[in-house]
Amino acid sequence: MSEMIVTVVRTGERAERGVTTGTTAGELFQGDRAVIAARVNGELRDLAWALSDADEVEPIAIDSEDGRAILRHSTAHVLAQAVQELFPEAKLGIGPPVENGFYYDFDVPKPFHPDDLERLETRMRQIIKERQRFSRRVVTDDEARAELADEPYKLELIGLKSQATGAAEGASVEVGGGELTIYDNLRGDELAWKDLCRGPHLPTTRHIPAFKLMRVAAAYWRGSEKNPQLQRIYGTAWESKDALKAYLEMLAEAERRDHRRLGVELDLFSFPEEIGSGLAVWHPKGGIIRRVMEEYSRRRHEEAGYEFVYTPHLSKEGLFQTSGHLDWYADGMYPPMELDEGHRYYMKPMNCPMHVMIYRSRGRSYRELPLRLFEFGTVYRYEKSGVVHGLTRARGFTQDDAHIFCTPDQLQDELSSLLGFVVGLLRDYGLEDFTADLSTRPEKFVGEIEEWNTAEAALEESLKRADIPYTIAEGEGAFYAPKIDIHVKDAIGRRWQLSTLQVDFQLPGRFDIEYQSADGTRQRPYMIHRALFGSEERFFGILLEHYAGAFPPWLAPVQVVAIPIAERHEAYLEQVAAKLRERGIRVEVDRSDDRMQKKIRNAQTHKIPYMLLAGDRDIEEGAVSFRYRSGEQKNGVPVDDAVAEIADAVARRIQI
RNA sequence: GCCAGCGUGGCGCAAUUGGUAGCGCACCCGACUUGUAAUCGGGCGGUUAGGGGUUCAAGUCCCCUCGCUGGCUCCA
């Protein structure tokens, strides 16, 4: 009685099934409520898709990656319907799923107000309750044009698709590759709404278990500054109320550990309005952490053969003309200071030209190479006003910047050892999970293609040797060089771009630097740029969020707070503190007239790694009692043992 | 740079339709001296980011500047 055979694929297992002609994917998976779409011969399809003989069919569950994307895309449609009902003049842009959610762009006469989101959510809930069916319909270009005559942006997409040019990011969900389709939202048999869309979609709106609109924003149509700005609404949707809740809690956790908030709470740094946007001052507690980070980094660099240099923050314009910065990135530089007789000085946006000056200060021999120059170099970049963001995107910041001058022969080994060094040092700061991007030649570049190819190959080889997983970012290199960016994953799973490593054969030529080789000829060195933290400010901000302010003891600004049970125990704790200070431990005795419980609370909120308490019992035994950040305690520890425990944790740079 | 939302004592927040700026924490003073997350009492502190305007009257309305937030664009 079965008229055709399909192959059902589930998590790698394959099974053949005989079904009647015209069976849909949905009927195949009837009974499994988690299945909301299917992959038929490799293509994602609606459950209403009619199968053909010999099809290979895989169920798509709503809680899979593909399933969530479909859910979110369908939720975007519900949003768009709600918007057009509440704001009839709204014209549709695009509405794709994105990581953790979706958005939909609209052209509206008056921008949305945050309060509009609540009204839209209410309407969306009604639409979901109505159990509208998502119904797919194939149309010709002309039919689509006729049906969407009132939607200028959709018409533009149809036009783009006809021209087979690359549409905007996200637009592929509207028009896709082949035939055009429109999805009708049907309330019973009545058409509630429709949208040009490739699909697939959930069977009905009722299949949306949980969603929330997040924020309104503006976005340029098709991602170009030259185009008009549309109003974008961001939302999120999940396979269950619990999954939505977990996501919202993750966002709340990210907010709690936002470095800008912790910077204030822990008194680490601030951005005085009087100084200017994006320009931080470091308070004593933040300053200690930064100093410890720098000291450790400096020591490791010295051990690895780097030499320390210092250079000024300002330079005459000629330097940046030679380097090419004024030709390529003058926009990103602070405007020049005009001095007498027409001399112009610029704040430096990068340290490299300065380091080249050091190299060029005298003749160089191949025997000196590789020459590794390192500086904590403070640079200033005129970031656009809308992008400044705490410590992670500042206008003044300090790079842990090094430039390595080497012979072409040395390039490969130098890159390889460099990568190992970088990753090793990042591990010491408590970061574990690394990936890399290899950014290759961009459209706008300088130099010879052969040189680019050589450098790209050397970078890739070093990634392989260092065994770091990487992806190739085609065309993402700097104009003067290909680069490797190292990304790290933080404690709550976010990825941050940190270190960069670039091969540069432009600057050596521009500055005409040379070395004398063994055969007596003059040769041009290669140059490698690298920053490990990227910027100290940014790295600090990332670490702060990674640790949620609870730094490991070696970095904590105050490592120990000693808390007397009563005033008469203060002198004893001062002796303990003196012993700790002898070991270089940063310790404070809390002699305020707060109650002991309050002192504990204070130390706890300041995320102090160790609290040492002492009362009559401890003093009798020559001991102290520990309270750790976890709330755990360890009582009656002999003072020398306590000191040793703390000093050891600091020396080993472990987290506790 | 563009769009939107914001900007109240150090921090977190309040202030009916425009009608004399309050609270908590922190801070200062006093009392209390207490074994693991907030003792009690008193006090100081704001020309409501800055400037201009409307009004009898503006933290509340309008304009400009600065700054912050979320996006977009950008990130050498």
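In what follows, every chain begins at residue 1, and chains take the letters A, B, ... in the order their sequences are listed. Please read these numbers as outputs of a predicted model, since none were measured by experiment.
- With a cut-off of 3.5 Å on both Watson-Crick or G-U wobble distances, the partner of U39(B) is given as A31(B).
- Out of A76(B), U39(B), C3(B), the shortest distance to the side chain of P111(A) is found at C3(B).
- Dashed line: the shortest gap from a side-chain N or O of K348(A) to OP1 or OP2 of A76(B) is not under 4.0 Å.
- Under 4.0 angstrom from either OP1 or OP2 of U69(B) there lies at least one side-chain N or O belonging to R260(A).
- Only the C1' atoms considered, U34(B) is 14 Å distant from A38(B), to the nearest whole Å.
- G41(B) and C32(B) have their C1' atoms separated by 11 Å, with the value rounded to a whole Å.
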*Kindly indicate, with the supporting measurements, whether the criterion side-chain hydrogen bond (donor to acceptor under 3.5 Å, both in side chains) is fulfilled by K634(A) and Y628(A).*
CA-CA 8 Å; K634(A) 191 157 78 183; Y628(A) 300 93; 3.3 Å; yes
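- Position along RNA chain B of the nearest nucleotide to A330(A) versus N602(A) favours N602(A) as the more 5'-ward residue.
- The separation of A58(B) from U54(B), taken at their C1' atoms, amounts to 10 Å, rounded to a whole angstrom.
- Across the P atoms, G71(B) and C28(B) are found 39 Å apart, a figure rounded to whole Å.
- Between E253(A) and R257(A) there is a salt bridge, with a side-chain nitrogen of the basic residue lying less than 4.0 Å from a carboxylate oxygen of the acidic one.
- As the counterpart of A4(B), U69(B) is assigned, both hydrogen-bonding distances of the Watson-Crick or G-U wobble pattern falling under 3.5 Å.
- In this structure, the nucleotide among A31(B), C3(B), G1(B) sitting nearest to the side chain of D593(A) is A31(B).
- Y104(A) has its ring centre less than 6.0 Å from the ring centre of F106(A).
- Side chain to side chain, E156(A) and W221(A) meet the donor-acceptor criterion of an N or O pair below 3.5 Å.
- Residue E567(A) places a side-chain atom within donor-acceptor reach of the base of U33(B), judged by atom type and a 3.5 Å distance cut-off alone.
- Residue Y234(A) is in sugar-phosphate contact alone, with no base atom involved, counting any heavy-atom pair closer than 4.0 Å across all strands shown.
- In this structure U54(B) sits in no base pair that meets the Watson-Crick or G-U test at under 3.5 Å.
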Only pairs under 3.5 Å count here: list side-chain donor-acceptor contacts from residues 557-566 of chain A, not counting sequence neighbours, and write none if there are none.
residue	atom	partner	partner atom	Å
Q559(A)	OE1	R586(A)	N	2.7
Q559(A)	NE2	P553(A)	O	2.8

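- The base of C75(B) does not come close enough to the side chain of E383(A) for any donor and acceptor atom to sit less than 3.5 Å apart.
- At the phosphate of A76(B), neither OP1 nor OP2 sits under 4.0 Å from any side-chain N or O atom of Y346(A).
- Residue R627(A) places its side chain closer to A37(B) than to any other of G35(B), C72(B), A37(B).
- Judged by distance alone with a 3.5 Å cut-off, no donor-acceptor contact links the side chain of Y382(A) to the base of G1(B).
- Counting distance only, with no hydrogens placed and no angle test, the side-chain atoms of D616(A) and the base atoms of G35(B) include no donor-acceptor pair under 3.5 Å.
- Residue S277(A) places at least one side-chain N or O under 4.0 Å from the OP1 or OP2 atom of C68(B).
- Between the CG atom of N227(A) and the P atom of C2(B) there is a distance of 17 Å, rounded to whole Å.
- The base of A37(B) lies outside donor-acceptor range of the side chain of R629(A), with no N or O pair under 3.5 Å.
- Across the protein-nucleic acid pair, E570(A) atom CD and U34(B) atom P stand 13 Å apart, rounded to whole Å.
- Nearest nucleotide to the P114(A) side chain, out of A37(B), G5(B), G1(B): G5(B).
- Remark: H389(A) is not in phosphate contact with C75(B), judged by side-chain N or O atoms under 4.0 Å from OP1 or OP2.
- Listed candidates were A26(B), C2(B), G35(B). Nearest to the side chain of Y220(A) is C2(B).
- Checked against side-chain contact (heavy atoms from CB on, under 4.5 Å), P508(A) has the following partners two or more places apart in sequence or in another chain: D504(A), I513(A), R524(A), M527(A).
- In terms of position on RNA chain B, the residue among S224(A) and A478(A) whose nearest nucleotide sits closer to the 5' end is S224(A).
- The aromatic rings of F374(A) and F376(A) sit perpendicular to each other, their planes meeting at more than 60°, with 30° as the lower class boundary.
- At A37(B), none of the side-chain N or O atoms of R595(A) fall inside 4.0 Å of OP1 or OP2 (strictly under the cut-off).
- Judged by distance alone, with hydrogens and angles left aside, S625(A) brings a side-chain donor or acceptor within reach of the base of G35(B), the pair sitting under 3.5 Å.
- In this structure, of G1(B), A76(B), U36(B), it is U36(B) that holds the atom nearest to the side chain of Q633(A).
- The side chain of A217(A) lies closest to G70(B) when the candidates are C11(B), G35(B), G70(B).
- No salt bridge links R360(A) with D512(A); every basic N to acidic carboxylate O contact stays at or beyond 4.0 Å.
- Nucleotide C13(B) is matched to G22(B) when pairs are restricted to Watson-Crick or G-U wobble geometry with both distances under 3.5 angstrom.
- U16(B) and G53(B) are spaced 26 Å apart, taking the C1' atom of each and rounding to whole Å.
- If you check G71(B), U34(B), G1(B) against the side chain of A218(A), the one that comes closest is G71(B).
- The P atoms of U55(B) and U60(B) are separated by 16 Å, rounded to the nearest whole Å.
- Here, A15(B) and G19(B) have their P atoms 12 Å apart, quoted to the whole Å.
- Taking only distance into account, the side chain of R393(A) meets the base of C74(B) through a donor-acceptor pair shorter than 3.5 Å.
- Nucleotides C13(B) and G59(B), compared at atom C1', are 14 Å apart to the nearest Å.
- One N or O donor and one acceptor, one from the side chain of K384(A) and one from the base of U73(B), sit under 3.5 Å apart.
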